[in-house]
Amino acid sequence: MIALFDTHLHLVDRERIHYPWLKEVPALDRDWTLADYQTTARRIGIEGALHMEVDCDPADIAKENAWVADMMAQDGSLIRGAISSARPEDDGFEAFLDTLDRSVVKGIRRVLHVVPDEVSTSNRFRANVGRMGAHGLPFDICMLARQLDLAAALVDACPDTTFVMDHCGVPDIAAGAFDDWAAAVSRLAERPNVNAKISGITAYAAPDWTLDSLRPYAEHVIGCFGWDRVVWGSDSPVCTLNSSLDQWVAVTRALLSEVSETEARALASGNARRIWGL
């Protein structure tokens, strides 16, 4: 069995860190612990993980990264680093980059579907995301399907930064939306410094999803980006809105069972290790 590297794990400690948005999603509004995740992960063949920021209160970003460092230091921890939250739209971003512990922080994400579209088009935002390239920090693109052309414009403004499109570009699988999303993914994939994350797309499907209802979306992304520019992520616990972690892993393994071992290993872990320097 090929081991998976999880590039998109969210953990939650509500006493330590404030997450303003969680109260709007009651199904997720609880603590999600490393111990519980590792129990399942070790049973289903996940060998390591990057902690993905959980859109915490901006005042708690440093605190979240310090928490990840603490979890990395635990005996037998699966955590290999953090993808930190950040605010590239702010004046202090360049100084913020200089404060990061690079033994912990491997990348940056700013959730962009919760702010006006104009945020990612500002000169300051683009200049700051561009600076990430010199720091060797990839930027995760967290945008809705309708925003993928905005993502392409951001990438074009930052040719020296590595990007990773989260969640297959957030297709509306439940509504059967495909053509517009697929065309936008194809356009974004033309940029060689963009990678794609096959992560937790059960959350965007109908509750009665099947492998066959998810397959066209995953296969289109892989077809556009190729096996050398795709990575895997659980998006746990968000994936549990419509599935379980082990069900999403089962979907992944079903998809990988039909490809070569070289291709499967690239998506499962090899590309992630290269992109984030693990």
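Quick note: residue numbers are just sequence positions, from 1.
What you find for F139 and P88 is that their closest heavy atoms are CE1-CG, 4.5 Å. Nearest heavy atoms, T99 versus F96: OG1-O, 2.6 Å. Here the shortest heavy-atom pairing between L11 and V54 reads O-CG2, 3.4 Å. Of all heavy-atom pairs spanning I2 and A268, the tightest one is CG2-CB, 3.7 Å. When every heavy atom of P138 is checked against every heavy atom of I275, the shortest pair comes out as CG-O, 3.4 Å. Looking at every heavy atom in both residues, A264 comes nearest to L256 through CA-CD2, 4.0 Å.
Although no hydrogens or angles enter the test, the distance criterion places no donor-acceptor pair under 3.5 Å between the side chain of N195 and the main chain of V230. A donor-acceptor pair under 3.5 Å is formed between the side chain of R102 and the backbone N or O of H135. Without hydrogens or angle criteria, E263 side chain to S260 main chain gives a donor-acceptor distance under 3.5 Å. Side-chain N or O atoms of D90 include none that pairs as donor or acceptor with a backbone N or O of F93 at under 3.5 Å. Side-chain N or O atoms of N193 include one that pairs as donor or acceptor with a backbone N or O of T161 at under 3.5 Å. The backbone N or O of V119 lies less than 3.5 Å from a partner atom in the side chain of S122, making a donor-acceptor pair.
In this structure, H113 places its NE2 atom where more than 12 heavy-atom neighbours from other residues, nucleotides or ligands lie under 6.0 Å away. No more than 12 heavy-atom neighbours from other residues, nucleotides or ligands sit within 6.0 angstrom of CG on N123. Residue R215 qualifies as enclosed at atom CZ: its count of foreign heavy atoms under 6.0 Å is above 12.
For the pair D235 and H10, the minimum side-chain heavy-atom distance is below 4.5 Å. Inter-residue side-chain proximity for E53 and V111 is flagged as met; some heavy-atom pair is nearer than 4.5 Å. You'll find the side chain of W232 reaches within 4.5 Å of the side chain of W248, heavy atoms only. Side chains of I201 and W209 form no contact here, defined as non-hydrogen atoms less than 4.5 Å apart. Using a 4.5 Å heavy-atom cutoff, the side chains of F178 and P171 are not in contact. At least one side-chain heavy atom of Y19 sits less than 4.5 Å from a side-chain heavy atom of V12. You'll find the side chain of R109 reaches within 4.5 Å of the side chain of D166, heavy atoms only. Taking the side chain as every heavy atom from C-beta outward, T240 and L28 approach each other to under 4.5 Å.
Shown are D117, L154, V170; of these, the side chain to side chain contact (heavy atoms under 4.5 Å, CB included) with Q147 is made only by D117. Test V115, V129, L112, I141 against S120 for side chain to side chain contact (heavy atoms under 4.5 Å, CB included) and you get one pass: L112.
Electrostatic pairing of D140 and K197 counts as a salt bridge here, judged by a charged N lying under 4.0 Å from a carboxylate O. The pair R16-D70 counts as a salt bridge, with a side-chain nitrogen and a carboxylate oxygen less than 4.0 angstrom apart. By the 4.0 Å N-to-carboxylate-O rule, R131 lies too far from D98 to be salt-bridged with it. Contact check on D6 versus R42 returns no salt bridge, with no Lys/Arg side-chain nitrogen under 4.0 Å from an Asp/Glu carboxylate oxygen. Using a 4.0 Å cut-off between a side-chain N of Lys or Arg and a carboxylate O of Asp or Glu, R146 and D180 do not qualify as a salt bridge. Remark: E89 engages R110 in a salt bridge, criterion side-chain N to carboxylate O under 4.0 Å. Ionic pairing of D246 and R43 is not present here: no N-O contact between side-chain nitrogen and carboxylate oxygen is shorter than 4.0 angstrom.
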For this session: Walk me through it: do E47 and R273 pass the test salt bridge (charged side-chain N to carboxylate O under 4.0 Å, His left out)?
Result: CA-CA 12 Å; E47 65 177 1; R273 295 184 185 284; 2.6 Å; yes
Exercise. Could you go step by step and tell me if V238 and L241 meet the side chain to side chain contact (heavy atoms under 4.5 Å, CB included) rule?
Worked result: CA-CA 6 Å; V238 180; L241 292 174; 4.0 Å; yes
For this session: Would you check, one step at a time, whether the test side-chain hydrogen bond (donor to acceptor under 3.5 Å, both in side chains) holds for T33 with D31?
Result: CA-CA 6 Å; T33 68; D31 289 349; over 6 Å; no
For this session: Using the side chain to side chain contact (heavy atoms under 4.5 Å, CB included) rule, take I44 and T40 through it: C-alpha gap first, then chi angles, then the decisive distance, then the call.
Result: CA-CA 6 Å; I44 58 180; T40 300; 3.8 Å; yes
Problem set entry | Check against salt bridge (charged side-chain N to carboxylate O under 4.0 Å, His left out), R124 and D91 | CA-CA 8 Å; R124 178 184 296 157; D91 277 335; 2.9 Å; yes
Exercise. Side chain to side chain contact (heavy atoms under 4.5 Å, CB included) between I61 and S84: does it pass, once the steps are laid out?
Worked result: CA-CA 7 Å; I61 290 173; S84 173; 3.8 Å; yes
For this session: May I have the step-by-step check of side chain to side chain contact (heavy atoms under 4.5 Å, CB included) for T252 and L255, ending in yes or no?
Result: CA-CA 5 Å; T252 304; L255 294 170; 5.7 Å; no
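When hydrophobic clusters are built by joining Ile, Leu, Val, Met, Phe, Trp and Tyr residues whose side-chain heavy atoms come closer than 4.5 Å, directly or via intermediates, M165 is grouped together with I108. Residues V68 and V164 do not share a hydrophobic cluster, clusters being chains of Ile/Leu/Val/Met/Phe/Trp/Tyr side chains in contact below 4.5 Å. No chain of hydrophobic side-chain contacts below 4.5 Å, direct or via other Ile, Leu, Val, Met, Phe, Trp or Tyr residues, connects M72 to I83. In the hydrophobic clustering of this structure, I198 does not group with M52; members are Ile, Leu, Val, Met, Phe, Trp, Tyr whose side-chain heavy atoms approach within less than 4.5 Å, directly or through other members. No single ILVMFWY cluster, assembled from side-chain heavy atoms under 4.5 Å apart, contains both F5 and L267.
Between the NZ atom in K106 and the CG atom in L137 there is a gap of 9.5 Å [rounded to 0.5 Å]. How far CG of L4 is from CZ of R253: 4.0 Å, rounded to the nearest 0.5 Å. In this structure, NZ in K63 is found 9.0 Å from CG in D57, a value given to the nearest 0.5 Å. The NE2 atom of H18 sits 10.5 Å away from the SG atom of C56 when rounded to the nearest 0.5 Å. I222 CD1 to W227 CH2: the interatomic distance, rounded to the nearest 0.5 Å, is 4.0 Å. Here the straight-line distance linking atom CG of L188 with atom CE of M143 works out to 9.5 Å at 0.5 Å rounding.
Ring-centre distance between Y204 and Y217: not below the 6.0 Å cut-off. Residues W181 and H220 bring their aromatic ring centres within 6.0 Å.
Checked by atom type, the side-chain pair N242/T202 shows no donor-acceptor distance below 3.5 Å. Residues S199 and H167 bring a donor and an acceptor atom of their side chains to less than 3.5 Å of each other. Checked by atom type, the side-chain pair T121/E118 shows no donor-acceptor distance below 3.5 Å.
Cation-pi contact between R30 and W32: present, with separation from the ring centre below 6.0 Å and deviation from the ring axis of at most 45°.
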